[in-house]
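The structure presented is a predicted model; accordingly, all values stated were derived computationally and were not measured.
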Amino acid sequence: MATRGIHRAFTKRTVPFLTSQSLFLSSISRSVSTLVLAEHEGGSIKAPSVSAVAAASSLSKDNSISMLLAGSGPSLQEAAAHAASCHPSVSQVLVADSDKFSHPLAEPWAKLVHLVQQKGGYSHIIAPSGSFGKNILPRAAALLDVSPITDVIEISESNLFVRPIYAGNALCTVRYAGANPCMLTIRSTSFPVPPISADSKSEASISQVDLSTFGEDAVGKSRYVKLTSQETERPDLGNARVVVTGGRALKSAENFKMIEKLAEKLGAAVGATRAAVDAGFVPNDLQVGQTGKIVAPELYMAFGVSGAIQHLAGMRDSKVIVAVNKDADAPIFQVADYGLVGDLFEVIPELLDKMPEKK
């Protein structure tokens, strides 16, 4: 009994002195400051970057959030003004105005993040998990000698995150125990931005980043060639409420126009499987899946989509999934809320015929 009592007392005395790591982690939770790498276009902050702010606000109640913008010209100043009022959690907007950032190349942006981190000492750096964030964050992490955590879908604590693995078939909980900053890319569809009331809107301060020490070698070896985009009235695929997707079963680019007509009537965005993209039916910016865009619309309609694991990884978070496929055993029916076994070349024309014109 005496021995047991001594052991219990000894245990109680040693609990407060667990490890230096626990002290380090508790210090992170007490002082959280976050830098959000923001992408802008046409004088406005893109929606995934606002979702990154929403993710940052869930790290801690006392989190100080700064947004970093880079570019040149009047559109940058317009974007800075938009960033200052896009979310009430933003306390500061940092603007890097230079011709070196006329285009979002990875090398100068990574050097910029390194420069700003050295001056600001942020505990976290967050970027949306799109082509912008995936291009920049790993390079910046290498310069800062830390390991990034990618494609985060849930933030449990300031150092505890959930991310999908095995093409979304399993979820992995990751605890970050490294040095500051903790660098994350977040899946924007997992951090929706709630409507912001007029009363909660606030204007963050706007500051210029001192680029006097930003050397010419920061440009790197890559160079901007050109940007091509298609003019369309359809909503953006990543943020659309309704998405209509076609697969390889459509057989040709000409047949794929049926999907586009249906999307036009529904006011929906057009998506495609990787097989349809590889076959040349549509450009690759319409690809939905593990190596394409991640979408989570209110309604996802899949025509001639088999439901390969790589495709499901990009759309399984959709609120309602409707699938049309002539193969009753297609894997897409396992995740679909509503399914129709039928020939899409009969189903789509009938839908187009009976559906009223979009007003």
Side-chain angles (χ1 to χ4, degrees), residues 129 151 153-154 162-171 187-192 234-252 255-279 281-282 284-356 358:
S129 187
D151 213 21
I153 62 170
E154 182 183 333
V162 179
R163 62 182 301 271
I165 57 175
Y166 303 125
N169 283 291
L171 298 179
R187 185 176 291 189
S188 57
T189 55
S190 299
F191 297 93
R234 290 193 295 265
D236 178 66
L237 177 58
N239 305 308
R241 293 177 58 251
V242 181
V243 174
V244 181
T245 293
R248 180 167 42 192
L250 284 154
K251 299 180 180 178
S252 69
N255 291 337
F256 206 93
K257 290 180 180 178
M258 292 192 301
I259 297 291
E260 297 173 354
K261 289 179 182 178
L262 183 59
E264 188 176 339
K265 279 201 170 185
L266 290 169
V270 173
T273 63
R274 177 169 181 172
V277 170
D278 290 346
F281 299 169
V282 288
N284 60 6
D285 60 323
L286 299 184
Q287 181 181 329
V288 174
Q290 186 178 16
T291 55
K293 293 184 178 179
I294 308 295
V295 299
E298 295 179 17
L299 174 61
Y300 187 86
M301 303 181 72
F303 293 89
V305 176
S306 64
I309 188 172
Q310 292 85 355
H311 183 76
L312 297 182
M315 45 66 70
R316 69 191 317 151
D317 291 332
S318 304
K319 307 300 182 292
V320 177
I321 300 172
V322 177
V324 176
N325 199 302
K326 65 180 181 181
D327 180 8
D329 297 323
I332 189 69
F333 289 123
Q334 297 177 11
V335 298
D337 298 285
Y338 302 94
L340 175 62
V341 179
D343 189 344
L344 62 87
F345 292 104
E346 298 176 1
V347 174
I348 296 178
E350 187 173 351
L351 281 173
L352 290 171
D353 183 55
K354 294 184 177 181
M355 193 174 295
K358 178 190 171 186

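Under the salt bridge (Lys or Arg N to Asp or Glu O under 4.0 Å) criterion, the residue pairs touching residues 297-306 are Arg241-Glu298, with sequence neighbours excluded.
Contact between Ala268 and Pro235 at its shortest, heavy atoms only, is O-CD, 3.6 Å. Considering every non-hydrogen atom in both Leu344 and Ala249, the closest pair reads CD2-CB, 3.9 Å. Of all heavy-atom pairs between Val243 and Pro297, the closest is CG2-CG, 3.8 Å. Closest of all the heavy-atom pairs between Ala313 and Ala167 is CB-O, 3.2 Å. Of all non-hydrogen atoms in Ala323 and Phe333, the two that sit nearest each other are O-CE2, 3.7 Å. Between Phe256 and Ala276, the shortest heavy-atom contact is CE1-CB, 4.3 Å.
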Could you walk me through whether His311 and Thr245 pass side chain to side chain contact (heavy atoms under 4.5 Å, CB included), step by step? CA-CA 11 Å; His311 183 76; Thr245 293; 4.0 Å; yes
After noting the C-alpha distance and the side-chain angles of Leu299 and Leu266, does the key distance pass the side chain to side chain contact (heavy atoms under 4.5 Å, CB included) rule? CA-CA 11 Å; Leu299 174 61; Leu266 290 169; 5.6 Å; no
I'd like to know whether Thr189 forms a side chain to side chain contact (heavy atoms under 4.5 Å, CB included) with Val295, so could you lay out the CA-CA distance, the side-chain angles of the two residues, the decisive distance to 0.1 Å, and finally the verdict. CA-CA 7 Å; Thr189 55; Val295 299; 5.5 Å; no
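The CD1 atom of Ile332 lies 7.0 Å from the OH atom of Tyr300; values are rounded to the nearest 0.5 Å. Once rounded to the nearest 0.5 Å, the distance linking CE of Met258 with CD1 of Ile348 reads 4.5 Å. To the nearest 0.5 Å, atom CG of residue Asp278 and atom OG1 of residue Thr273 are 8.5 Å apart. To the nearest 0.5 angstrom, Lys257 atom NZ is 14.0 Å from Ile259 atom CD1. The line from CG of Leu237 to CD1 of Ile294 is 10.5 Å long, rounded to the nearest 0.5 Å. Atoms CD and CG, from Gln290 and Asp151 in turn, are 9.5 Å apart once rounded to the nearest 0.5 Å.
Looking only at side-chain heavy atoms (C-beta outward), Asn169 and Arg316 come within less than 4.5 Å of each other. A 4.5 Å side-chain heavy-atom check between Arg187 and Asp317 finds at least one atom pair inside the cut-off. A heavy-atom distance below 4.5 Å is found between the side chains of Thr291 and Arg274. Residues Tyr166 and Ile309 are not in side-chain contact: their nearest non-hydrogen atoms beyond the backbone lie 4.5 Å or more apart. Residues Val282 and Val277 are in side-chain contact: their nearest non-hydrogen atoms beyond the backbone lie under 4.5 Å apart.
By the side chain to side chain donor-acceptor pair (under 3.5 Å) test, Asp327 is found to be paired with no residue, residues two or more places apart in sequence or in another chain being considered.
The neighbour count for Lys319 NZ, taken as heavy atoms of other residues, nucleotides or ligands under 6.0 Å away, is above 12.
Under the 3.5 Å distance criterion, the side-chain polar atoms of Asn255 are matched with a main-chain donor or acceptor of Leu250. In this structure a side-chain-to-backbone donor-acceptor pair under 3.5 Å is present from Lys265 to Met355.
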